[in-house]
Amino acid sequence: MMFEEFVEFIGSQDGAPPKALDPNAPAPSAIIGAGVPRIDGPLKTTGSARYASDYNFPGLVYAVPVRATIASGKIRSIDSNSAEAMRGVLLVMHHGNIMPLYRNASGGRNSESRPPFEDETVYYWGQYVAAVVAETFQQAQAAAAAVKVDYEPDKFSVERSLSDSLSAEGEPGGPRVMSNRGDTESAFASAPVQVDETYITPVETHNPMEMHATVAVWDGQKYTLYESSQGVMNHQTVLSQVLGEPKENVEVISRFIGSGFGGKLFPWTHSAIAAAASRKLNRPVKFTLSRSMMFTNSGHRPNTQQRMRLGATPDGKLVSLQQDYRNHTSYGDDIRENCGEATPFLYSTTNLKVTSALVRRNVGTPTPMRGPGAVPGLFALESAMDELAIKLKKDPVELRISLDTLIDEENNRPFSSRHLKECLQLGAENFGWSRRTPEVGSMRKGDLILGWGVAAASWGANRGTCDATVSLRADGTARVSCGTQDIGTGSYTVIAQVVSDKTGIPVDKIDVVLGDSSLPPGPTSGGSTATATFVPAVIDGTNAAVKVVLTVASSVKGSPFLKGDDPPPLAITAGRVHVKGESPASGVPFGDILHMANLASARGDGKSGGLRADPKAQNFSTHSFGAQFVEIEWDPGIARLRVSRVVSVVDGGRIINMRTATNQMAGAIVMGVGMGLFEETIYDPRNGHPINDNFADYIVPTIADTPQIDVHFLDIPDPLLNEYGARGIGEIGLAGIAPAITAAVYHATGVRVRELPVRIEDLLKANAVA
Ligand code: MOS
């Protein structure tokens, strides 16, 4: 399943539209949109927030894997005798002695379809072939190094170029038409202006600060798994199948997560290894990935090769758009990177075709990485648009605005809310675009040459199913619980703001409980869908709890609102129950009402339903949009390239927390600088080892590489998604950065970089221009 199919699946669950989609709902209070500081901030800054590997229990032992040193072949034998004899070693686990572990075909999504140690085949360098469990981490590490594995190596490929001959159409991985309308080939052939170029993006590796970890506790009946997971409910669903246990015997806990970028969406094999070891030894087991393992055993963004053909009339009408792309995948899993995610609807054109194909490599299984498909796809589409603008001698902002459409031409549906044009206009204004002179190398700042580039961005908007329980408590506080999680983006805080909006209870009196699969089922933090999904459920639950309080206030003995047969309509404002239309000061704190009735709390169970199953949504196309403007500085004297300034404008519906949202966009810009200038996982052709599997050699941007950042939100509600009109913003901020960087590089140097990342070697060719 492609990640986008998973996102679509999120939106298709359960037909019940959320009750909170009420057209008469009151306008939200000022707390919706406010820059409320993270309510979990103090826990993090004082070190008291516990991440997966922070959990320790009496008798805890450590698992360290043995990793394959070949990229393809068979394990002939594993000699663990000397490892087993080493001090502190409890167990060496491998294919020959691990308890049965199973595949999953029962909903949810796993990362790799193969459970760990399923057979003796090696598909990629670094694959776990055994695991040592010992009393201390150091003992386990030493013993893992002493396990001798004899391999029968086979030929393999980690080749970067994807120009292989393809499998036949219809075969797994074979070419597939993703989108097709009109007659693209002939429209292109007769187009007076043509762009026909191939764009390449490399393998990128997720590098969240917190590495993956599992602490597995088997108590004789049930597993408790402390994880760093973007989806505790999905993790529970999958691991219960892999371990062969009923769901209630697997509890997954992720209270705090040091980010994920998609690498933590679905379970990886270390989780099952830790669980199996815990069961076998009857001891809690901790398995932490090293940074090197993060490069082989927990996914990556696959490389892509995309041929783009654009045909236009001299006045800038787009008459044909074709994208033929390939991405690599592993042996064992067909991961199709949906590079055409945004292609069919971003610009108006009658003739359009998108095709996709897979090429197998001996690498670990790829997985979604922030903006999967769309981000590499938009690098190609937006680069090609920039090249088209140059051929047409048109301003790239103007060209995009002239091709804007408010109808999704893929399915002939209007967008629920599309403001790409406004993003481009506001961005141009804030960036100062009107001062741009289009000639290559024409803008100077002292010895530096400036380059200015722009790109548009898009990412889907969706809503899934969610339950949430809200309790208003007699002590005047509230508690809200939901089986979603906060991966660092601000979900804890946003949920508190929603309860506060509906009750007036201050956020510091609201406990938000997330990150446990035993809570009411909540969404995966993925596909930029979590906020739009949990907001209606939290509103619904809060409204239900308030209703209980108001009913009690109208009926309980001693209540000032007990006015015989005709009680006045009541409301709750600033945490006080009062007669509707009168001042809250005239009312009573809701806690006092609960005390009068001897109630510990008033509870409301809330629900939200999937967007695609929502009749109101049938006739709309739902997406977020954005525009990103980049300035680069090229110093030809010392061949130095810097991204100096970025303006990002995002149309992501109503923003609930301006501070966490702005912060997320700023982070995406920094990540985009990495994608544009630095990031690439390089596989050693001799053995398939990603040789830069560490922070010294895999370059990510640091503060010194960070440009001046200016983030704007249009903040236009999309009421189709939920009462506030909030969409999600996890991915949209990254989508246009890399193509805007290469457009700016071209503007400064005259060198068109079509293969990321931009290398200084590419630009040395520019010195002639300079
Ligand atoms: Mo994102 S790739 O959905 O974590």
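Position 1 is the first residue of the sequence, and the numbers go up from there. Both counts, for ligands and for their atoms, begin at 1 and track the order of listing.
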Original post:
Counting from 1, what ligand 1 atoms have a heavy atom of Pro368 closer than 4.0 Å?
Top reply: 2 (S)
Original post:
Which of the numbered atoms in ligand 1 are below 4.0 angstrom from a heavy atom of Pro372?
Top reply: 2 (S)
**OP:** For Ala380, check side chain to side chain contact (heavy atoms under 4.5 Å, CB included) against everything at least two apart and list the hits.
**Re:** Tyr199, Gln306, Met308
Original post:
For ligand 1, is Glu731 a contact, meaning one of its heavy atoms is under 4.0 Å away?
Top reply: yes
Original post:
For ligand 1, is there an atom lying under 4.0 Å from some heavy atom of Gly260?
Top reply: no
Subject >> Atoms of ligand 1, numbered as shown, that sit under 4.0 Å from any heavy atom of Phe261 >> reply: 2 (S), 4 (O)
Original post:
Between Arg370 and ligand 1, does any nitrogen or oxygen pair lie at a separation below 3.5 Å?
Top reply: no
Subject >> Arg654/Asp715 ion pair, N-O < 4.0 Å >> reply: no
Original post:
With a 4.0 Å cut-off, would you call Asp651 and Arg727 a salt bridge?
Top reply: yes
**OP:** Could you tell me whether Arg463 and Asp614 have a side-chain N and a carboxylate O separated by less than 4.0 Å?
**Re:** yes
Original post:
Is the closest basic N to carboxylate O distance between Asp718 and Arg418 below 4.0 Å?
Top reply: no
Original post:
Are any of the side-chain heavy atoms of Met293 and His270 separated by less than 4.5 Å?
Top reply: no
Subject >> From CD1 (Ile335) to OG (Ser330), nearest 0.5 Å >> reply: 6.5 Å
Subject >> Polar proximity ligand 1 side, Ser528 side, N/O cut 3.5 Å exclusive >> reply: no
**OP:** Check whether any N or O atom of Gly526, backbone or side chain, sits under 3.5 Å from an N or O atom of ligand 1, and answer yes or no.
**Re:** no
Original post:
Does ligand 1 have any atom that is closer than 4.0 Å to a heavy atom of Gly527?
Top reply: yes
Original post:
Which bit of Gln230 gets closer than 4.0 Å to ligand 1, counting heavy atoms only: side chain, backbone, both or neither?
Top reply: side chain
